[in-house]
Amino acid sequence: MEATRIAVRYFKASGRKGVVLNTASVGGLIPLSIMESYGTTKAALIFFTATCKSLAPQIRVNAVAPYFADTPLVANNRLVQSYPLVRQIGLMQPEKVIKAMVKAIADESLAGDTLMVAMGAKPERLTFYDSISLHVTSYIVSGTANRYATAVSSYFARALDSFLGYVRRPVPYRQSHD
């Protein structure tokens, strides 16, 4: 987040247009019991990215939230390799993450957005934050806590269902190289 702030200050001071790309993770969208701190910081980065929407169009801040990619850091991480979903469907190719990064930078309609990148599917823009923000504003204006709590839990439940369906889409079987 500090790197994003530095880049934003630079773009503002120089009067230049710019794009900042944050790297989040699906670990910021679903609870991963194997990496609680990691997931928490990635969730914070996704929300931070969303708050940067107001900087557009001069400065666009976006993020990608990839599933585990087949990189040396991940491939050699015993903790990640022990995660049931990784054992079940394997690791995603890094090229898929790179394509999503290029889209997040090049697509001028994206600002304050996070693209979720998973196996077997195209990068998908996260939209449930927009709905939650609308309901938070409604709660603040109306002062009705129950309506807010119900709406937020409903949106999170639907978002989690959608995400789990997205991640669990069938992918070609990958044989182990052991």
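Because the structure is a prediction, the values reported are computed rather than measured.
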- Side-chain heavy-atom pair Leu29, Ile46 within 4.5 angstrom cut-off: yes
- Can any side-chain N or O of Asn62 pair as donor or acceptor with the backbone N or O of Asp113 at less than 3.5 Å? yes
- Query: Mind checking whether Val8 and Leu45 sit in one hydrophobic cluster, side chains of I, L, V, M, F, W, Y counted as touching below 4.5 Å?
  - Reply: no
- Between Val19 and Val97, is there a shared hydrophobic cluster once you connect ILVMFWY residues whose side-chain heavy atoms come closer than 4.5 Å? yes
- Item | Phe11 vs Leu55 side-chain heavy atoms within contact, under 4.5 Å | no
- Item | Minimum heavy-atom distance between Arg60 and Leu110, given as atom pair plus value | NH1-O, 2.8 Å
- Task: Answer yes if Tyr38 and Phe68 sit in the same cluster of Ile, Leu, Val, Met, Phe, Trp and Tyr residues linked by side chain heavy atoms under 4.5 Å apart, and no otherwise.
- Result: yes
- Nearest atoms (heavy-atom pairs only) where Ala104 meets Leu21: CB-CD1, 3.6 Å
- Could you state the interatomic distance from CZ (Phe48) to CG (Asn22), rounded to the nearest 0.5 Å? 6.5 Å
- Item | Side-chain (Lys96) to main-chain (Ala118) donor-acceptor, under 3.5 angstrom | yes
- Using a 4.5 Å cut-off on heavy atoms from C-beta on, say whether the side chain of Lys12 contacts that of Arg9. no
- Which atom of Ala111 lies closest to which atom of Lys53, heavy atoms considered: O-CG, 3.4 Å
- Is there a donor-acceptor contact under 3.5 Å from the side chain of Asp70 to the main chain of Met92? no
- Message: Any heavy-atom pair between the side chains of Met101 and Thr23 that's under 4.5 Å?
- Response: yes
- Message: How close do Val26 and Ala65 get, counting heavy atoms only, and between which atoms?
- Response: CG1-O, 3.5 Å
- Distance-minimising heavy-atom pair for Ala69 and Pro94: CB-CA, 4.4 Å
- Report whether Val20 and Tyr10 are members of the same hydrophobic cluster (ILVMFWY, side-chain heavy atoms less than 4.5 Å apart, transitive linking). yes
- Query: Does Gln58 reach the main-chain N or O of Arg16 with its side chain, forming a donor-acceptor pair under 3.5 Å?
  - Reply: yes
- Shared hydrophobic cluster, Ile59 / Met1 (ILVMFWY, side-chain heavy atoms < 4.5 Å): no
